[in-house]
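Note that the numbering runs from 1 along the sequence shown for the chain.
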Amino acid sequence: ENSIEVPNIIEEEHWISLNTLYINENNLKTYYNKMIECCPKWMLVSPSFLHILTEYIIDNKLNFPNIVYIELTGEYYTPELKKYFEDVWHCIIRNHYGCREVYAIALECEYGHLHVVQDNVFVEIDPRKDNRDGLGNIIITSLTNKAMPFIRYNIGDIGKLESIQCGCGNMSPVLTLSGGRQSEYFTIGDQCIHSSVFHFFVKKINLKYPNSILRFQIKKKYNNLFSIKLYLYDDKLFDKIAEEMNRELQIMGLNMKVEKMKNMGNIENKGKYKYFQGECDGKNFDFN
């Protein structure tokens with residue numbers, strides 16, 4: 001049978017699109033050379049692929065393309081990872097929060113606030129039973145998709161809405177994301193706990209050791225045993241951070257096996273980066 005080949009690069013008059021579904025060293029070399037050739041100023045990219053590209057450039061001692069503006073989209077990322085990107089790319093980096101169903105939901109301004117794109121979506125927060133600090137399920141209604149309307153659509157993320165006087169002058173509501181999805185719960189005994197607790201522990205450690213944990217991934221294996229992989233800015237801090245993280249999480253009754261993450265995962269098969277994998281009520285989930 002004849003197979004359909006998906007081009008690695010699609011090039012138009014004012015933009016180029018790179019295929020990030022299958023990434024290897026040869027593709028990275030091709031992508032880098034194309035960026036140098038075309039001199040793009042604006043990049044819309046997932047944090048995972050940007051991290052892979054960044055590592056490729058650094059490992060091969062290459063010059064960074066002269067990018068002016070980077071829009072991160074498609075995945076949750078930590079403030080520490082964003083700071084790392086800013087340090088090495090030397091450009092403006094902003095968050096583009098959205099989904100395939102309605103595209104842009106909120107865009108980050110220069111003050112770090114995610115302003116709802118009110119011309120495109122109407123956003124509501126549906127409070128949860130364990131609602132804390134105004135957090136709830138993010139519900140969106142598309143204002144532009146006429147072919148397939150999405151009305152009060154539960155996107156699967158958790159956050160809160162606030163009306164603030166932002167210095168950028170944008171008066172639209174500000175959306176704050178919790179860093180977790182509503183399905184990301186795990187069980188300890190008869191307790192059902194949301195995975196966002198790990199974000200608080202990581203944030204606490206990053207306050208003590210500034211910008212140390214760039215990315216992390218956690219898997220619940222069985223009973224109360226968890227595996228956590230850390231991608232650190234400085235590997236020399238690993239032993240101290242692993243000890244502190246174990247001490248913090250043992251208070252909750254969690255047993256952790258802490259490992260170093262050598263890179264962002266299998267370079268041959270990159271989808272959305274998943275920071276938590278676990279089980280709830282005996283069922284296994286693979287969280288996107």
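- Take L50 and apply the side chain to side chain contact (heavy atoms under 4.5 Å, CB included) test, not counting sequence neighbours, and it matches M43, V45, T54, I70, L72, F85, W89.
- Not counting sequence neighbours, the partners of K34 by the side chain to side chain contact (heavy atoms under 4.5 Å, CB included) test are I9, E11, I16, E37, C38.
- From C109, atom SG reaches atom CG of N170 across 7.0 Å, with rounding to the nearest 0.5 Å.
- One finds the CD1 atom of I164 at 10.0 Å from the CE atom of M171 (value rounded to the nearest 0.5 Å).
- For the atom pair I52 CD1 and L28 CG, the distance stands at 7.0 Å (nearest 0.5 Å).
- For the pair C99 and I140, the minimum side-chain heavy-atom distance is below 4.5 Å.
- A 4.5 Å side-chain heavy-atom check between H96 and Y103 finds at least one atom pair inside the cut-off.
- Applying the side chain to side chain contact (heavy atoms under 4.5 Å, CB included) test to E12 and every residue at least two apart in sequence or in another chain returns I10, W15.
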Evaluate the side-chain contact (heavy atoms from CB on, under 4.5 Å) criterion for residues H113 and C168: first the C-alpha distance (whole Å), next the side-chain angles of each, then the deciding distance (0.1 Å), finally the verdict.
-> CA-CA 9 Å; H113 295 136; C168 74; over 6 Å; no
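- For the pair S212 (side chain) and N206 (backbone), a donor-acceptor distance under 3.5 Å is absent.
- Contact record, N8 with N27: ND2-OD1, 3.2 Å, taken as the closest heavy-atom pair.
- Scored by the side chain to side chain donor-acceptor pair (under 3.5 Å) test, E162 finds no partners at all (sequence neighbours excluded).
- Annotation: salt bridge (charged side-chain N to carboxylate O under 4.0 Å, His left out) contacts involving residues 111-122, sequence neighbours excluded, are absent.
- Of the possible donor and acceptor atoms, one in the side chain of Y31 sits under 3.5 Å from a partner among the backbone N and O of N19.
- A 4.5 Å side-chain heavy-atom check between L232 and I241 finds at least one atom pair inside the cut-off.
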Does the pair I138 and I125 meet the rule for a side-chain contact (heavy atoms from CB on, under 4.5 Å), with working shown?
-> CA-CA 5 Å; I138 297 176; I125 301 296; 3.9 Å; yes
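- In this structure, P47 and L81 have side chains that are in contact, with non-hydrogen atoms separated by less than 4.5 Å.
- Closest of all the heavy-atom pairs between I67 and P40 is CD1-O, 3.2 Å.
- For the salt bridge (charged side-chain N to carboxylate O under 4.0 Å, His left out) condition, the pairs that include at least one residue of residues 76-85, sequence neighbours left out, are K82-E108, K83-D87.
- Side-chain N/O atoms of Y209 and D234 include no donor and acceptor closer than 3.5 Å.
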May I have the step-by-step check of side-chain hydrogen bond (donor to acceptor under 3.5 Å, both in side chains) for Y32 and N60, ending in yes or no?
-> CA-CA 11 Å; Y32 174 80; N60 290 278; over 6 Å; no
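- In this structure the side chain of L175 reaches within 4.5 angstrom of the side chain of L161, judged on heavy atoms.
- V102 is not listed as a side-chain neighbour of N145, based on a closest heavy-atom distance of 4.5 Å or more.
- Here the shortest heavy-atom pairing between N120 and A104 reads ND2-O, 2.6 Å.
- Taking 4.5 Å as the limit, some side-chain heavy atom of M35 sits within range of a side-chain heavy atom of L53.
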